[in-house]
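The structure under discussion appears below in the form of structure tokens.
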2 protein chains.
Amino acid sequence: MQGERRKFRREGEERRRDALVSAALDLISEGGPTAATVRAIADRAGVTPGLIRHYFQTKEELTREAYRALMQRMSAENAAVLGAAPADPAARLAAFVAAALRPPVVDPRSMGLWAGFLHQVRSDPAMAEIHAETYLGYRDLLQGLIAALPGPADPARQRALAIACNGVIDGLWLEGCALPQAFAPGELEHIGLEAVGAILGFDLAASLPPAPTEETP
Amino acid sequence: MQGERRKFRREGEERRRDALVSAALDLISEGGPTAATVRAIADRAGVTPGLIRHYFQTKEELTREAYRALMQRMSAENAAVLGAAPADPAARLAAFVAAALRPPVVDPRSMGLWAGFLHQVRSDPAMAEIHAETYLGYRDLLQGLIAALPGPADPARQRALAIACNGVIDGLWLEGCALPQAFAPGELEHIGLEAVGAILGFDLAASLPPAPTEETP
DNA sequence: GCCTCAATTATACACTTGCATAATTACAGG
DNA sequence: CCTGTAATTATGCAAGTGTATAATTGAGGC
């Protein structure tokens, strides 16, 4: 008796791919790249390792897809706040900065992923391209918000300011993810608004829209 | 003929341990934790894999030693600037902040190491302890510099300010390591001084000691 | 109900990893 | 020069890695 063959259900390609990508992200965030073996990923996704090769030509391809999904999700989560933001440029920028510095964008799991992917992004050109696309998209969005502020329109200077503000935001994001309990609720946003405000010469903290737009459906 | 046995020189224990630790750090910074296999480490250190087991009970022990060496080196590099700093509290703090945001403290290799160690620091209690010691030591140093500033002495508030400033510094440090070419020389220090100054209500940028104390032996 | 075909599983393989142990060799002290 | 001993190398091994390929099985069309 060599045991019964495992029962299974057929699923659509998209669902399976999503499940595998999601499982890979979970494992990397928990235990780093080392933990994301094909067997562990398949196990977490509820399938057997062979199926990975059926949907992805190689494990590297799955990893790239997971990274792309992560970056897109985070950008979308941050940009979503602009939909409900007021028209005033300073308020929009303040809302954007604040959203980047609180959950769900700030999340210890995301930083684990960030660290886990770092070396692959550095060494694998395909990963580097995915990173560049997302990063530049984010920075352009930020530069647009800065350009909308009242004042002289100097594109070169706006670009430099966007880079600087992006640095502060990214840095504080990492810090918030790394030390979630070091900051009181709202404190990280406040630090970020002060710091970005100092760079731009604007009192952003005062411009933050009143209610952090809690979802109330 | 089974080839000649490799020639070798006997070395002191300390030199060999240092060489192995250094090799491990190099490899982790270049290729992440995955790249630091016992064989690769031994190769880089100019020895054979068996010697690692002779000086370290396990590879994990070598890894921990490497992490400790890294953290101590970085803290020392940053604190070194205080030796040549003036007595004025604001100038001392400014010098300290600026030193944290320029080479050799800011260094792409260090961030690769930071990312590589992240998951081990999270999961291995021994690693977490090493981290806590170094981190708290750094923050206490920063808090001491803040407490020396003129103004009311409120320890609880000073602690909160130290945490916030530490967050900005750490974050900008990471950003400077990640995107070295995004910032003009001196720009990152300037951003950091503005941001920390905004948190503390001090014009730190104006307090920075004139010459960045270039070594001229 | 059967039959087809793709989705899924099972098995095998070559390779790498960390670790243990035995065999050597450099170097100090007589 | 010899000899002991500890530093160093060489070899082997069990476990885990990604991947290739063959064997099964679920589910829709007739």
Side-chain angles (χ1 to χ4, degrees), chain A residues 1-21 23-24 27-28 30-67 116 119-120 123-124 126-127, chain B residues 1-21 23-24 27-28 30-67 116 119-120 123-124 126-127:
Chain A
M1 182 204 0
Q2 52 193 13
E4 296 108 24
R5 206 180 169 88
R6 170 174 175 160
K7 304 299 180 195
F8 61 91
R9 276 186 39 204
R10 293 189 159 203
E11 290 281 359
E13 166 161 357
E14 201 173 353
R15 289 173 66 104
R16 278 278 132 94
R17 291 179 77 100
D18 283 359
L20 289 169
V21 161
L27 287 165
I28 293 175
E30 291 169 13
T34 316
T37 69
V38 283
R39 286 165 179 82
I41 294 171
D43 208 45
R44 176 81 50 121
V47 297
T48 51
L51 201 63
I52 291 181
R53 275 271 303 163
H54 189 254
Y55 285 116
F56 302 91
Q57 204 135 15
T58 177
K59 189 200 165 190
E60 232 184 355
E61 189 184 317
L62 165 57
T63 306
R64 281 197 277 264
E65 226 46 56
Y67 183 61
H119 285 99
Q120 298 183 55
S123 53
D124 179 6
M127 289 281 252
Chain B
M1 181 198 7
Q2 52 193 14
E4 296 110 21
R5 205 179 170 89
R6 170 174 174 160
K7 302 299 179 194
F8 61 91
R9 277 186 37 204
R10 292 189 161 203
E11 290 282 0
E13 166 161 356
E14 200 173 355
R15 291 173 67 102
R16 278 279 131 93
R17 291 179 77 99
D18 283 359
L20 289 170
V21 161
L27 287 165
I28 294 175
E30 291 169 12
T34 316
T37 69
V38 284
R39 287 166 178 82
I41 294 171
D43 209 46
R44 176 80 52 118
V47 297
T48 51
L51 201 62
I52 291 180
R53 272 272 302 164
H54 189 253
Y55 286 116
F56 301 91
Q57 206 135 14
T58 176
K59 189 200 165 190
E60 232 184 355
E61 190 184 315
L62 166 57
T63 306
R64 281 197 276 263
E65 225 47 56
Y67 183 61
H119 285 99
Q120 299 184 54
S123 54
D124 179 6
M127 289 281 249

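Here the structure is a predicted model, which means the values were calculated and not measured. Proteins get letters first, then strands, A, B, ... in listed order; numbering begins at 1 in each.
Taking the salt bridge (charged side-chain N to carboxylate O under 4.0 Å, His left out) definition, one finds that A:R16 meets it with nothing, sequence neighbours left out. For A:R6, the salt bridge (charged side-chain N to carboxylate O under 4.0 Å, His left out) criterion is met by no residue, not counting sequence neighbours. Legend: residues meeting side-chain hydrogen bond (donor to acceptor under 3.5 Å, both in side chains) with A:E11, ordered by chain and number and at least two apart, are A:R9, A:R15. Partners of B:E14 according to the salt bridge (charged side-chain N to carboxylate O under 4.0 Å, His left out) rule, which considers only residues two or more places apart in sequence or in another chain, do not exist here. Taking the salt bridge (charged side-chain N to carboxylate O under 4.0 Å, His left out) definition, one finds that B:E60 meets it with nothing, sequence neighbours left out.
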Distance-only donor-acceptor hits, side chain of residues 34-53 of chain B, under 3.5 Å, sequence neighbours excluded:
unit_1, atom_1, unit_2, atom_2, d
B:T37, OG1, B:A40, N, 3.1
B:R44, NH1, B:E30, OE2, 3.1
B:R44, NH2, B:E30, OE1, 3.1
B:R53, NH1, B:Q57, O, 2.6

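The list of ring pair (Phe, Tyr, Trp, His ring centres under 6.0 Å) pairs with a residue in residues 40-67 of chain A, not counting sequence neighbours, reads A:Y67-A:F117.
We find that CD of A:E4 is positioned 11 Å from P of C:dA10, with the value rounded to whole Å. If you take CZ of A:R17 and P of C:dA7, they are 12 Å apart, rounded to a whole angstrom. Between the C1' atom of D:dG12 and the CZ atom of B:R53 lies a distance of 15 Å, rounded to the nearest Å. Put simply, CD1 on B:I41 is 7 Å from P on C:dG18, counting in whole angstrom units. Atom CG of B:L27 is separated from atom P of C:dT17 by 11 Å (rounded to the nearest Å). Atom C1' of nucleotide C:dC19 and atom CD of B:E61 are separated by 14 Å, given to the nearest angstrom.
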At a cut-off of 3.5 Å, list every protein nitrogen or oxygen paired with a nitrogen or oxygen from nucleotides 4-8 of chain D, distance to 0.1 Å.
unit_1, atom_1, unit_2, atom_2, d
D:dA6, N3, B:R10, NH2, 2.2
D:dA7, OP2, B:H54, NE2, 3.4
D:dT8, OP1, B:R9, O, 3.2
D:dT8, OP1, B:E11, N, 2.7
D:dT8, OP1, B:R16, NH1, 2.4
D:dT8, OP2, B:Y55, OH, 2.5
D:dT8, O5', B:R16, NH1, 3.4

What pairs of nitrogen or oxygen atoms, one from the protein and one from nucleotides 15-18 of chain D, lie under 3.5 Å apart?
unit_1, atom_1, unit_2, atom_2, d
D:dG18, OP1, A:K59, NZ, 2.7
D:dG18, OP2, A:V38, N, 2.8
D:dG18, N7, A:R39, NH1, 3.0
D:dG18, O6, A:R39, NH2, 3.1

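For the atom pair CG (B:L20) and NZ (B:K59), the distance works out to 12.5 Å, reported to the nearest 0.5 Å.
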